[in-house]
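Predicted model, so just to flag it, every value in this text is computed and none were measured.
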Amino acid sequence: MTARTRVKQALSEGRPGEALLLKGWARTVRTGKGVTFISLNDGSTLAGIQVVAEPELANYAEVAALGTGSALTVTGVLQESPAAGQELELKALSVEVVGAADQEYPMQKKRHSFEYLRTIAHMRMRSNTFGAVFRVRSALAQEVHRFFAERGFLYVHTPIITANDCEGAGELFRVTTLDLDNPPRLEGEIDFAQDFFAKATGLTVSGQLEGELFAQAFSDIYTFGPTFRAENSNTARHAAEFWMIEPEMAFADLSDDADLAEAFLKRLCRFALDNCDEDMRFFNAQIDKGLVERIEGVAQASFARMDYGEAIERLKKAPVSFQFPVEWGLDLQSEHERYLTEQVVGGPVFIMNYPKDIKAFYMRLNDDGRTVAAMDLLVPKVGEIIGGSQREERLEPLIGRMREVGIEPDSLSWYLDTRRWGSTPHAGFGLGFERLIMYLTGMENIRDVIPFPRTPRHAEF
RNA sequence: UCCCCAUUAGCUCAGUCGGUAGAGCGGGUGACUGUUAAUCACCAUGUCCGUGGUUCGAGUCCGCGAUGGGGAGCCA
């Protein structure tokens, strides 16, 4: 009985009469005249195990007075519980107080608001909701890697520090070692030639361009790493630091790209339902009543595909009035996306082939000359969850597009080189990992699905 | 960044017509042989976000500021 058993294993595999050593934290302590019940949780599972402590314990007085949050080592014998509420419980033979918690412990045996828990983000993962969120987050991250590994995708670590600031994907956080009080100047401008990298650099806003380079050697690749945007966005869906998944496939077109996105999202839905079922049932009961049904629907659905042009026609014929105008050439607003996936299709739908003027320079120009091979995957309740495209693999059209949008081709010469030598049709997409977690858990604020959220004016912990 | 709303006990909130503040939970003490966010009894707890103003008198009305939340834009 020297080896520690995790609570999850004790509850799922333990048998009455088995002697166990458990370590964890007290979630609740209930004391009666002759018995004390402790709900012990070690993070391995949502449900704690009930520890039964009786006055024979040498330190019973100490145990009976334990506060919520205390860290304990408990030895005991597993037994069938005579009371309702749990099948198994641990009759304690010894309870060692490893780390006491006094009455100032900030989490009480009651429901707290997410806003309050954000102010104690260093403690909140000891609560039911955040325990479940971060277990699911971890399990899904591992499943993302399994999904791509099974398909032969190479996992590439693209740079965090980059000098690309011309993708138009968002504001860059500056990385510098220059003296901010007295930066070197050349003709009035800050002289980045004297900076650490001898040029202006920042934190990456996307690994896509480097990912494309790797796809031209390994065929199928993906990135999964931190991404940074210095936008002053104050919404429930934006963070300054988040994790993004970006697969890229050589010898692939837009249809292949949509096939991959569909298989990917369905796989993660299926996985969450099957392998995180206890936490998912908790979310379904406490956070979002229709969650399991909705995720089950996506896992089984065949995703529809619709051209942007058709989407515009459908929206124009819609018997509802939108706040924003619907016109060919305008971007779809959130209300339009929700209508298409919820009312028109009633399930996940890819909107494909958008007007070139509302999309990025690297997207492949279609034969009609006015649309590009872009796609957005829309799902009920949230709208866009995945955005991707086939990339422009032809050198001259790519240079032309760069000039149109004001990007100096020489500044991305290495990117253009892939179009010079052995260029292939290729495609990929991007998925914000936190938005996936929000979708799969029903949590409505991105600050509640990332351990220590970084948003404007916030970099605590 | 823009618009709207909020800020009262440790937490979640109530506070009427402007008259000097309350509940539940949590905490403390006690009771209870098996509880399940235990129950019961008693006890304690306030810079009413800050600041300036109106008023005999401001938690309450007005201005400014801070912080939080929701929405928008941008996007992942």
Is a donor-acceptor pair below 3.5 Å formed from side chain [X] to base [N], judging by atom type as modelled?
X	N	value
A/Glu104	B/rG27	no
A/Glu444	B/rG69	no
A/Thr235	B/rG71	no
A/Glu115	B/rU67	no
A/Ser233	B/rC74	yes

Find the distance [X]:[atom1] to [N]:[atom2] and express it as a whole number of Å.
X	N	atom1	atom2	value
A/His336	B/rA72	NE2	P	12 Å
A/Asp448	B/rG68	CG	P	14 Å
A/Phe114	B/rG68	CZ	P	18 Å
A/Lys359	B/rC75	NZ	P	9 Å

Given [options], which nucleotide is nearest the side-chain atoms of [X]?
X	options	result
A/Lys33	B/rC32, B/rC25, B/rG73	B/rC32
A/His112	B/rG70, B/rU33, B/rC11	B/rC11
A/Glu89	B/rC32, B/rG73, B/rU35	B/rU35
A/Gln108	B/rC25, B/rG70, B/rU1	B/rC25
A/Pro82	B/rG34, B/rC11, B/rG69	B/rG34

Check every strand shown and say whether [X] touches a base, only sugar-phosphate, or nothing at a heavy-atom separation below 4.0 Å.
X	result
A/Glu54	nothing
A/Ser113	sugar-phosphate
A/Asn234	base
A/Phe324	sugar-phosphate
A/Glu434	nothing
A/Phe37	base
A/Leu436	nothing

| field | Check ion pair A/Arg135-A/Glu278 (N to O, under 4.0 angstrom) | value |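 Salt bridge flag = no for A/Glu278 with A/Arg135.
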
| Is a salt bridge present between A/Glu404 and A/Arg401, judged by a nitrogen-to-oxygen distance below 4.0 Å? |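 Yes, this pair counts.
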
| Syn or anti for B/rU20 (syn when the glycosidic angle lies within 90° of 0) |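 Base orientation relative to the sugar is syn.
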
| Does the cation-pi check pass for A/Arg267 over A/Phe147, that is, NZ or CZ under 6.0 Å from the six-membered ring centre and within 45° of its axis? |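 No, A/Arg267 does not sit over the ring of A/Phe147.
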
| query | Which whole number of Å gives the distance between the C1' atom of B/rA58 and that of B/rG52? | reply |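 Pairwise C1' distance, B/rA58 against B/rG52, rounds to 13 Å.
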
| task | Kindly compute the distance separating CG (A/Leu93) from OG1 (A/Thr75), expressed to the nearest 0.5 Å. | result |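 It is 5.0 Å, given to the nearest 0.5 Å.
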
